[in-house]
Engineer: 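Quick one: this structure, given as structure tokens, is what I'll be asking you about.
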Amino acid sequence: MSGGHTTYTPTTGIGRWFDSRMPLPRLMHDSFVSYPTPRNLNYAYTFGGILSVMLIVQIVTGIVLAMHYTASTLLAFDSVEKIMRDVNSGWLLRYLHSNGASMFFVAVFIHIFRGLYYGSYKAPRELLWILGCIILLLMMAAGFMGYVLPWGQMSFWGATVITGFFTAIPLAGEWVQQLLLGGFAVDNPTLNRFFSLHYLLPFMIAGVVVLHVWALHVTGQTNPTGIEVKSKTDTVPFTPYATVKDALGMVVFFLMYAYFVFYLPNYLGHADNYIVANPLKTPAHIVPEWYFLPFYAILRAITFNIGPIDSKLGGVLAMFGAIAVLFFVPWLDTSKVKSAAYRPWYKLFFWLFVINSIFLGWLGSRPAEGAYVIMSQLSTLYYFGFFLVVMPVLGLVETPRRLPNSITEAVLAKNHGSAAAHPAGAAAAPETKA
Amino acid sequence: MSANETAEPTRRDFLYIATGMAGAVGVAGLAWPFIDQMRPDASTLALATVDVDVSNIEPGMSITAKWRGKPIFIRNRTEAEVAEANNVALADLKDPIARNANLPADAQATDIDRSAGEGKENWIVMVGSCTHLGCVPLGQSGDFGGWFCPCHGSHYDTAGRVRKGPAPENLPVPTFEFISDTTVRIG
């Protein structure tokens with residue numbers, strides 16, 4: 001895909017036969033074996049690979065679960081319990097799938113923060129970044145619909161609250177909500193269509209992932225210095241270097257995943273979802289899945305009317321705006337320097353943004369009252385301030401540190417300086433591989 | 001192939017445009033059933049009315065009926081509750097509209113227009129679905145002695161009018177009538 005580096009030479013007769021008819025093996029070889037990657041990629045760059053594998057895990061476990069699940073309000077809850085108790089290894093498959101969703105989001109959040117830290121969204125990678133934002137939206141839709149399927153109390157009331165967002169749309173709101181629900185409240189038609197879409201969305205994600213990787217292989221990867229690849233000494237072949245690094249990162253990630261599956265399978269869920277859905281009784285405390293909590297906090301932070309926009313519509317707009325703003329990041333950041341490693345002020349604001357996002361998540365899990373509301377409002381202000389004020393202004397006023405001339409120079413300078421003093425988890429460049 | 005480099009429209013031009021038009025209309029026509037099937041179906045719409053026996057509801061008691069998959073609060077209010085609701089000035093209300101499907105759309109949110117009307121002021125019938133995001137409010141709680149939504153903290157008074165919190169509107173009063181002294185027909 002990235003032109004001119006193809007080194008594939010089929011050695012067998014069958015290989016040559018394929019290559020002259022449909023060169024799929026050549027495409028695979030050029031994309032995942034000989035593909036040149038920057039020599040200084042660190043472990044933050046392994047999450048793309050981890051995410052691809054998590055998508056496969058979710059699709060495989062999901063297809064199997066669908067063989068035992070029944071999408072009917074009368075049977076859904078019981079069929080999930082049947083999976084847990086009667087189906088052979090059903091408990092394992094369900095826990096892999098439900099915790100897999102959480103791990104998927106852990107990985108995607110790290111992947112996005114990595115992109116923000118190293119300026120991966122900047123020209124010429126804007127489209128690559130936007131495709132990633134689309135994947136995030138599809139993941140959120142899939143995660144939300146999947147959580148409705150067990151038909152517990154949180155399923156039902158989560159679906160009620162989230163489809164309720166659409167009633168905030170002026171004039172057409174009620175009509176749109178009824179179109180989504182297939183009725184006047186969350187009921188059997190809703191469950192059926194959510195199941196159908198929950199099965200569809202992962203394949204749509206897979207399609208956009210192909211575009212995402214295609215765009216990546218046209219522009220090439222960024223790297224911790226943010227300097228583009230200039231010469232052959234700046235890169236190493238994808239296999240074995242990136243393959244092995246990705247694989248090691250994946251094993252460590254999967255250890256954490258397995259820890260949750262086997263020791264804390266319900267830690268990230270909610271006990272109320274083991275009570276069957278009851279349309280006449282709302283649980284005392286509705287909380288979405290943890291990965292939606294920061295956005296939920298932003299929704300609830302808007303308790304005041306803004307001009308003609310009432311607080312309800314304002315909250316919904318702010319919540320969708322929190323995702324929409326990501327699409328514009330390539331143009332909001334005015335700095336010419338990509339990597340935060342050379343931007344002392346951006347680095348500070350970036351880490352504040354990370355802490356603030358985690359704080360928003362915590363606030364989303366608290367009841368919407370008293371001091372929590374004020375804190376959510378301040379935290380929401382910083383969330384948007386980071387994108388709409390810090391990014392454009394900092395690029396104009398900040399003095400970046402001196403950039404090395406090339407990736408090779410940066411790597412060699414680092415190895416001379418502090419080879420022994422690398423902290424274990426830090427953004428360490430791979431040691432002399434070339 | 002390119003024998004038709006004249007300004008005159010050719011048969012191919014005509015067929016090209018006609019086919020394109022037919023295709024566009026066809027796609028639009030075919031798209032509609034795919035959207036239309038998502039709307040509430042006949043069996044959902046068929047559940048449009050329910051009759052509820054209210055003969056056993058003494059003052060100060062409520063029941064929750066189910067209509068169109070949503071809870072309907074039917075409350076026989078005490079005199080104190082009615083008086084309390086009557087004492088509120090319309091200017092103090094967050095939403096001054098009655099939101100009563102039995103009255104004109106611009107009716108004011110006075111207590112009488114929120115209730116079942118003349119002679120039945122003690123009865124109030126409302127969709128028990130918070131106008132914020134659709135949770136079921138808890139009865140006889142909150143700062144105004146009416147309903148309180150536990151999800152995002154909206155407070156409603158004894159006439160089901162929103163007084164505090166993120167909910168934008170009063171709890172809606174559905175279309176209903178007393179078909180006898182003891183039976184309410186909703187829908």
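Throughout, protein chains are lettered first and strands after them, A, B, ... in sequence-line order, and every chain is numbered starting at 1. As the structure is a prediction and not an experimental result, all values here were calculated from the model.
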Engineer: Give the minimum heavy-atom separation between Pro71(B) and Leu280(A), together with the two atoms involved.
Structural biologist: CB-CD2, 3.5 Å
Engineer: What distance do Cys135(B) atom SG and Lys281(A) atom NZ have between them, rounded to the nearest 0.5 Å?
Structural biologist: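 Taking SG in Cys135(B) and NZ in Lys281(A), the distance rounds to 12.0 Å.
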Engineer: Specify which of Gly182(A), Gly164(A), Ala185(A) makes the most heavy-atom pairs with chain B at under 4.5 Å.
Structural biologist: Gly182(A)
Engineer: Would you mind reporting whether His152(B) and Ile286(A) have side-chain heavy atoms less than 4.5 Å apart?
Structural biologist: no
Engineer: Under 4.5 Å from any heavy atom of chain B, what part of Thr303(A) do you find: side chain, backbone, both or neither?
Structural biologist: neither
Engineer: Atom CG of Leu133(B) and atom OG1 of Thr163(A): how far apart are they, to the nearest 0.5 Å?
Structural biologist: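 Nearest 0.5 Å value for the CG-OG1 distance: 9.0 Å.
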Engineer: What part of Leu138(B) gets closer than 4.5 Å to chain A, counting heavy atoms only: side chain, backbone, both or neither?
Structural biologist: neither
Engineer: For residues 312-324 of chain A, please give each side-chain donor-acceptor pair under 3.5 Å, one per line with the distance, not counting sequence neighbours.
Structural biologist:
residue	atom	partner	partner atom	Å
Lys312(A)	NZ	Thr167(A)	OG1	2.9
Lys312(A)	NZ	Thr131(B)	O	2.9
Lys312(A)	NZ	His132(B)	O	3.0

Engineer: Sort by residue number and list every member of residues 86-113 of chain B having a non-hydrogen atom under 4.5 Å from chain A.
Structural biologist: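 Interface residues of residues 86-113 of chain B: Lys94(B).
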Engineer: Does the side chain of Gln178(A) come within less than 4.5 Å of Arg39(B)'s, by heavy atoms?
Structural biologist: no
Engineer: Taking CZ in Phe384(A) as the centre, count heavy atoms belonging to other residues, nucleotides or ligands within less than 6.0 Å. Is the count above 12?
Structural biologist: yes
Engineer: Where is the tightest heavy-atom contact between Gly69(B) and Pro279(A), given as atom of each residue plus distance?
Structural biologist: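 Answer, listing the atom of Gly69(B) first, then Pro279(A): O-CB, 4.1 Å.
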Engineer: Checking Phe165(A) against chain B: side chain, backbone, both or neither under 4.5 Å from a heavy atom?
Structural biologist: both
Engineer: So how far is it from Leu45(B) CG to Phe184(A) CZ, rounded to the nearest 0.5 Å?
Structural biologist: 5.0 Å
Engineer: Verify the neighbour count for atom NZ of Lys120(B): are there more than 12 heavy atoms of other residues, nucleotides or ligands below 6.0 Å?
Structural biologist: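 For Lys120(B), atom NZ is crowded (more than 12 foreign heavy atoms under 6.0 Å).
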Engineer: In terms of heavy-atom contacts, does CD of Glu79(B) have more than 12 from other residues, nucleotides or ligands at under 6.0 Å?
Structural biologist: no
Engineer: Below 4.5 Å from any heavy atom of chain B, which atoms of Tyr296(A) appear? Answer side chain, backbone, both or neither.
Structural biologist: side chain
Engineer: Based on non-hydrogen pairs under 4.5 Å, which of Ser311(A), Gly183(A), Pro283(A) is most in contact with chain B?
Structural biologist: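 Of the candidates given, the most pairs with chain B belong to Gly183(A).
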Engineer: Using a cut-off of under 4.5 Å on heavy-atom pairs, state which of Arg68(B), Gln37(B), Lys66(B), Lys70(B) scores highest against chain A.
Structural biologist: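 Of the options given, most contacts go to Arg68(B).
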Engineer: Using heavy-atom distances under 4.5 Å, tell me whether Pro367(A) contacts chain B through its side chain, its backbone, both, or neither.
Structural biologist: neither
Engineer: By a 4.5 Å heavy-atom criterion (distance strictly below it), what part of Leu299(A) contacts chain B: side chain, backbone, both, or neither?
Structural biologist: side chain
Engineer: With Val136(B) as reference, evaluate Asn278(A), Thr282(A), Thr160(A) under the side-chain contact (heavy atoms from CB on, under 4.5 Å) test and give the passing residue.
Structural biologist: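 With Val136(B) as partner, side-chain contact (heavy atoms from CB on, under 4.5 Å) holds for just one option, Thr282(A).
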